Amino acid sequence: YSTFPGALKWKKNSLTYRIENYTPDMPQADVEKAIEKAFAVWTKVTPLKIAQIYSGTADIMISFVTGVHGDNSPFDGPGGFLAHAFAPSDGIGGDTHFDEDETFTSGSAGYNLFLVAAHEFGHALGLGHSNDPGALMYPIYSYVNPGTFSLSQDDIQGIQYLYGPNSNAPNDPVPDAPKTPNACDPNLSLNAVTTLRGEMMFFKDRFFWRKSPYVANVEQYTITSFWPELPDNIDAAYESRERDLVYLFKGNQVWALFGYDIQQGYPQSIQKFGLPAGINKIDAALYDENAGKVLIFVGNKYYSYDEARRRIDKGYPKSIESSFPGIGGKVDAAVEDNGLMYFFSGSRMFEYNIMSKRVIRVLATNYFLGC
Amino acid sequence: AYAVPVLPDNTEEENAEFAQEYLRKLYNLTSSSGSNFRRRGNEMTEKLKEMQKFFGLQVTGTLDSSTLGVMKKSRCGVPDVAH
């Protein structure tokens, strides 16, 4: 997290806000509710009390404006900058402006007003931007379901650095607050791994790391900052070299990516892969370029899927242990790269040689993540 | 085809102008029309590195597609408090 120079903060714990005008994008009552919820995100974890007033000058004046609007920081039309807010101080301090050229909503379309407002009020209370991609105070917008939204530990540590905890619930939210997965956590386990046109992607919770062969470090993003339609905590992923598509699995659904674009007509049912009716979730998948088959891992068994014939090969399922001795019988994720298979299980990654049919190295799950 | 996010087919020059504007608004790049070409170029490189470091990108000081991809994402503005 970061604060403003001098750790600017309000000298009082009781603040006021006033909504000067309303966006026509949403019913006025929904705007009121989004703004109220956005303040509650911060008052829940601090001693702050923030009340709405309907006339006069409030500490935090809220307005919807476009382009040049008198503060020497003009907005830029649709996209780009969505809003901005001033750090705590008298006068314009705390004031929050939303770019009316954006489309604000209560849902996932356009920009969710609650999410944008909660971020801006972080600034209005004294927080700067965070470089933690899982933090609310990360500068780039990414949609999360407001119903399940919670501040990250990074956000809470930042705001409590300025104002301390909520005296009524001193420590409740911090232990539960989600932490952004750390690539260098020796106990890191993964949800799914796939290649994508020469890159590798490692999925964990609502994040993914992207590793390009030309670049030493990995980049971490929230899944929804690239694909708002995709769920978090995906189960499996593989790249079909024939079709130049990446398939992403969660539960009994599958999505397809063409490059970084979501294919139309998805999600579809995983039954399209000809799996037995009782299977509602897979653990991992990889594309065996050598055999031109997709290996689909479910529990301690796996299936071989023939993409050309669009069906599961005869004689499957087989037990993982019998075909891939030494990888431990069940996998979290799997990927084939440069003729080797990599099986991820908990904090270990098994490098498997398809030709000699044996594990050649046991490495840490974060081996590729540049720690 | 590369994997990186497909960006609208802007020309290189348009992308450079976009990046300059982004860095001017968010990283205090001084005006891009200054006299000293070399100094301007150095400052642009330093500001690009500052932005790339913040976002955990490869710190190259050059406007690569990953960096441009992050610049084009919708985000929070930063008001000009100095003024």
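Lettering of chains follows the sequences in order, A, B, ..., and the numbering in each one begins at 1. Owing to the predicted nature of the structure, the values given are computational and were not obtained by experimental measurement.
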Checklist entry - Under 6.0 Å between the ring centres of Tyr138(A) and Phe55(B)? => result yes
Checklist entry - side chain to side chain donor-acceptor pair (under 3.5 Å) with Asp154(A): which residues, sequence neighbours excluded? => result Ser130(A)
Next on the checklist: Given heavy-atom pairs under 4.5 angstrom as the criterion, report whether the side chain, backbone, both or neither of Glu219(A) touches chain B.
Outcome noted: both
Next on the checklist: Is Val59(B) in contact with chain A via its backbone, its side chain, both, or neither, using a 4.5 Å heavy-atom distance?
Outcome noted: neither
Next on the checklist: Which atoms of His97(A) are under 4.5 Å from chain B, going by heavy atoms: the side chain, the backbone, both sets, or neither?
Outcome noted: neither
Next on the checklist: Using only atom types and a distance under 3.5 Å, with no angle test, would you say the side chain of Lys73(B) pairs donor to acceptor with the backbone of Ser225(A)?
Outcome noted: yes
Next on the checklist: Need one label for Tyr221(A): side chain, backbone, both or neither, based on atoms under 4.5 Å from any heavy atom in chain B.
Outcome noted: side chain
Item to check | N/O donor-acceptor pair under 3.5 Å between Asn131(A) side chain and Gly56(B) backbone | outcome: no
Checklist entry - Is it the side chain or the backbone of Lys25(B) that comes within 4.5 Å of chain A heavy atoms, both, or neither? => result side chain
Checklist entry - Roughly how far, to the nearest 0.5 Å, is OG of Ser74(B) from CD of Glu102(A)? => result 6.0 Å
Next on the checklist: Quick check on Val218(A) against chain B: is it the side chain, the backbone, both or neither that has a heavy atom closer than 4.5 Å?
Outcome noted: backbone
Next on the checklist: Using every non-hydrogen atom in the two residues, find where Gly77(B) and His84(A) come nearest and quote the distance to one decimal.
Outcome noted: O-CB, 3.7 Å
Checklist entry - Which distance, rounded to the nearest 0.5 Å, do you find between the CG of Leu57(B) and the OG of Ser212(A)? => result 11.5 Å
Next on the checklist: Is there a side-chain contact between Phe81(A) and Leu26(B) in this structure, where contact means two heavy atoms from C-beta onward sitting under 4.5 Å apart?
Outcome noted: yes
Next on the checklist: How close do Arg75(B) and His129(A) get, counting heavy atoms only, and between which atoms?
Outcome noted: NH2-CE1, 3.4 Å
Checklist outcome for this item: Cut-off 4.5 Å, heavy atoms of chain B, and the answer for Asp99(A) is neither
Next on the checklist: Which heavy atom of Ala85(A) sits nearest to which heavy atom of Pro79(B), and what is that distance?
Outcome noted: O-CG, 3.3 Å
Next on the checklist: How long is the straight-line distance from CG of Asn217(A) back to CD of Gln52(B), given to the nearest 0.5 Å?
Outcome noted: 9.5 Å
